[in-house]
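The model shown is predicted, which means the values in this text are computed figures rather than measured ones.
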Amino acid sequence: MEHFNIRTLKHENELEAVLQLLETVFPEEKSFFQDRLNKETNYSLDTTWIAESEGNIVSVVQIFPFSVYISGLPFKTAGIGNVAILPEYRGFSLTHRILKQAEEQLSHEGFVFSILFTGIPGFYEKAGWHSIAHPVFHVDAKEARRSFKKVQRNKEWEMATPNHNDWGRLALIYESFSKKLNGPRIRLKDYWLKQIESDKTNDEIFLLAEYGGRIRSYARAEKKQNKLIIHELCGVEGGEDSMSELFLTLLDEEVEKIVCLLPQEHPILSEMSCRAENLREDMWKIINKKGVQHSLEPILKERGRLAGKKDVILSHSNESWKFRWGNEELTIHTADFLSCLLKGASEQLRGSLIPFETLFPEASYIFWSKDHF
């Protein structure tokens, strides 16, 4: 059997070889993948894992480190992206071997989750990832205009593109809107500065709504011919009017179709008729079960206490999680546990003797599309 050395990059010349491999395997050019790395504030040579054969890089997996909000708490998470292998080296399970070795290292570094986005979920399910279904909303532009026809637009609203001085206010708006959701990435200063700069170099739309000199909401979107894709629309508490103003600004006469990549409970969606399409490209994996248990137990105990119940006892094994509530006990699969954690208890679990609807209340899940890798 051919010998492969699995490791991280040692120097910049190897990164150039990785970019060349990615260009060989995918239709995009090297610059596309380099731009991705330039946007990432935590990227380093140590976050790119390779399989090497006879001195040549034949497979690659790049890790994008960040933290996400779940139940209002931060969790260190490893994004998996730019996964590639030269065609002649397929059949050696190299990708799974790289992922396993990287995962062990990430667990030692305090990462508790891993997330990736794929159109081939079966490949990653074999390595322990689980799909988290979420809706994407399709709207007919004519229907949207009819729905917002009665909105009295305020001429005092000003629309502007952001500059570097706006990053702090953007961060506050984003955090106040996103911290209530499960799954969004935690964004720091360097992230915002790079995003503001990068969105000036392409056809994407980044708009702020200001009133009285204060930013009240922002939108990130793009237009592809007659289609408007809304990637983000966030506002301050009680800022539904400012988000409506931004939405109407984006909805020019050329737009015929709208795709909203927004959380299910977003206020703008309640204003119009939408067709929901369920996607299953988001895949999550718990890579440090003890870390999840340690962070989650206090939350579950508090939720149980507020419901007037005894403490819940949580334990785990290979692919299952056990809940003990007084004299009741129930074991669920890790896939169901992840779904509870990110979206709330399913209908099936709500009917069990253990009140999962109390432990895992219904929540809106989102990993904003602008943060995909």
Name the orientation class of the two ring planes belonging to W129 and Y124 (parallel below 30°, tilted from 30 to 60°, perpendicular beyond 60°). perpendicular
List, by chain and then residue number, the residues other than Y69 in its hydrophobic cluster (Ile/Leu/Val/Met/Phe/Trp/Tyr, side-chain heavy atoms under 4.5 Å); write none if there are no others. I186, L188
Q293 side chain to L314 main-chain N or O, any donor-acceptor pair under 3.5 Å? yes
Give me the one residue out of F367, Y191, W368 that meets ring pair (Phe, Tyr, Trp, His ring centres under 6.0 Å) with F66. F367
Say you draw a straight line from CD1 of I63 to CD of E103; how long is it, rounded to the nearest 0.5 Å? 9.5 Å
Within the side chain of K194, is there an N or O that forms a donor-acceptor pair under 3.5 Å with the backbone of N38? yes
Flag, side chain of K285 to backbone of A127, donor-acceptor distance under 3.5 Å: yes
So, Q101 side chain and I6 main chain: donor-acceptor pair closer than 3.5 Å or not? yes
Compare all side-chain heavy atoms of H231 with those of H372 and state whether any distance is below 4.5 angstrom. no
Give me each pair satisfying side chain to side chain donor-acceptor pair (under 3.5 Å) with a member in residues 71-80, each pair once, sequence neighbours excluded. S71-R303
Could you give all pairs that pass the ring-ring contact (aromatic ring centres under 6.0 Å, His included) test and reach residues 240-271, with sequence neighbours left out? F148-F247, F177-H266
When every non-hydrogen atom of T331 is compared with those of S320, the smallest separation belongs to CG2-CB, 3.6 Å
For N56 and V58, indicate whether the former's side chain and the latter's backbone hold a donor-acceptor pair under 3.5 Å. no
Should the ring pair F360 and F356 be called parallel, tilted or perpendicular, given that the plane angle runs from 0 to 90° and is split at 30 and 60? parallel
Quiz item: cation-pi between R187 and Y174, 6.0 Å / 45°: yes
